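Read the structure below first, then the notes.
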Amino acid sequence: MSLAEIRETSFEETAGFGGQGAVGDYIALLKPRVMSLVIFTALVGVLIAPGSLHPVLAAVAVLCIAVGAGASGALNMWYDADIDRVMSRTRSRPIPAGRIEPGEALAFGLTLSAFSVAVLGLAVNWLAAGLLAFTIFFYAVVYTMWLKRATPHNIVIGGAAGAFPPMIGWAAVTGTVTLESVILFLIIFMWTPPHFWALSLFKRGDYEAARIPMLPVVAGEDVTRTQILAYSVALAPIGVLPAVLGFASLVYGIAATVLGIAFVFYALRVYRRREGEAARKAAVSLFSFSLLYLFLIFSLLLGDTLVPAVIGAIWS
Amino acid sequence: MTGQNLHEDGIRLTEEQKRRQRSRSVAIGLALAGLVVLFFVITLVKMGPGVFNRPL
């Protein structure tokens, strides 16, 4: 191509040479904050599952689940670059900011997806790999491409993608999907709507600007507050189920009950405070507490397994 | 323009672009080396040390 021809090409075409992004931009494509939650819940699934898996293979399983989750994040950013450009929360992401080309993000996401699923299947088992492949498909295609822009219940169904990691971790160890792993799935599945609807209450303007049919935009804030309360009331007993079904201790059961009541308390505050700064603060508080809730529930489940094992090792 | 300088002999990267290219190359190299170690360790774990003890 001559210089004259190059000069005739548009900005977009010259930008198409790509390769402008720093390493940090590619890490940002993996949504590290979401990935940290995935790593933690998957690790808990691996550690509390009955049976044994070689520590190296357990680490490989968690690594593959984390990379698979990151890959689906990259695919999500590739597809959502147009709406990310509009929202203040996502405007500085690598693609809308112009540091990474959409095609680069797509290739990055697809490559990591294929690698994570293949390595998990070859090193651990194909049920876990199949579940990981389904999770990536569910997040990138069902949620991102279909539900997100089509229905206000996008995060209710799409939340399943975030709920699979502990189930995949469990399947990596046991080679099966059992009731216990379904309960772990359900805890995150029921936690997701009140968590994201609390966010959407104080980030409503962003979603309106991007024309994403989040519940407060489509049905109004009052309906959203009712739905948040309903899902919180449903979540509280589900959080206690591990103790009820006998795969967590009484200590876990009591702590999960207290945490569930606290969750409903924060949801009730969101339900009651509907005007001005108080309403915004209530939504922010629920959003923050929901993160703490999930972290504590899974930490308690982990403690239930690790503490007796450590005590047993000390005594023997 | 993207910051790239167009010359008769093609595109010349700016110093910042060269730095980013180098850091990406290092990251890819480290990732590939990590994969080699990972596959080696997985092979040992899956097949045991006996993997070395076989007729050629």
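Computed from a prediction, not measured in an experiment: that's the story for all the values here. A, B, ... follow the sequence lines: proteins, then strands. Residue 1 opens every chain.
Residues A:Val86 and A:Asp206 form no side-chain contact, since every pair of their non-hydrogen atoms from C-beta on lies 4.5 Å or further apart.
For chain B, the nearby part of A:Leu122 is the backbone; its heavy atoms alone come within less than 4.5 Å. Interface remark: B:Leu35 contributes side-chain atoms only to the contact with chain A (heavy atom separation under 4.5 Å).
A perpendicular orientation is assigned to the rings of A:Tyr26 and A:Phe108, their planes being inclined by more than 60° (bins at 30° and 60°). The aromatic rings of A:Tyr139 and A:Tyr143 lie parallel to each other, with less than 30° between the two planes, well short of the 60° mark.
Chosen from A:Val60, A:Val119, A:Val23, the residue pairing most often with chain B at heavy-atom distances under 4.5 Å is A:Val23.
Salt-bridge annotation for B:Arg19 and B:Glu15: absent, with no side-chain N of the basic residue lying under 4.0 Å from a carboxylate O of the acidic one. Under the 4.0 Å criterion applied to side-chain N and carboxylate O atoms, A:Asp25 and A:Arg99 are assigned as salt-bridge partners.
For A:Ile188 against A:Pro166, the heavy-atom pair with the smallest separation is CD1-CG, 3.7 Å.
Residues of residues 67-85 of chain A lying under 4.5 angstrom from chain B, judged on non-hydrogen atoms, do not exist here.
Between the side chains of A:Thr178 and A:Thr176, no donor-acceptor pair of N or O atoms lies under 3.5 Å.
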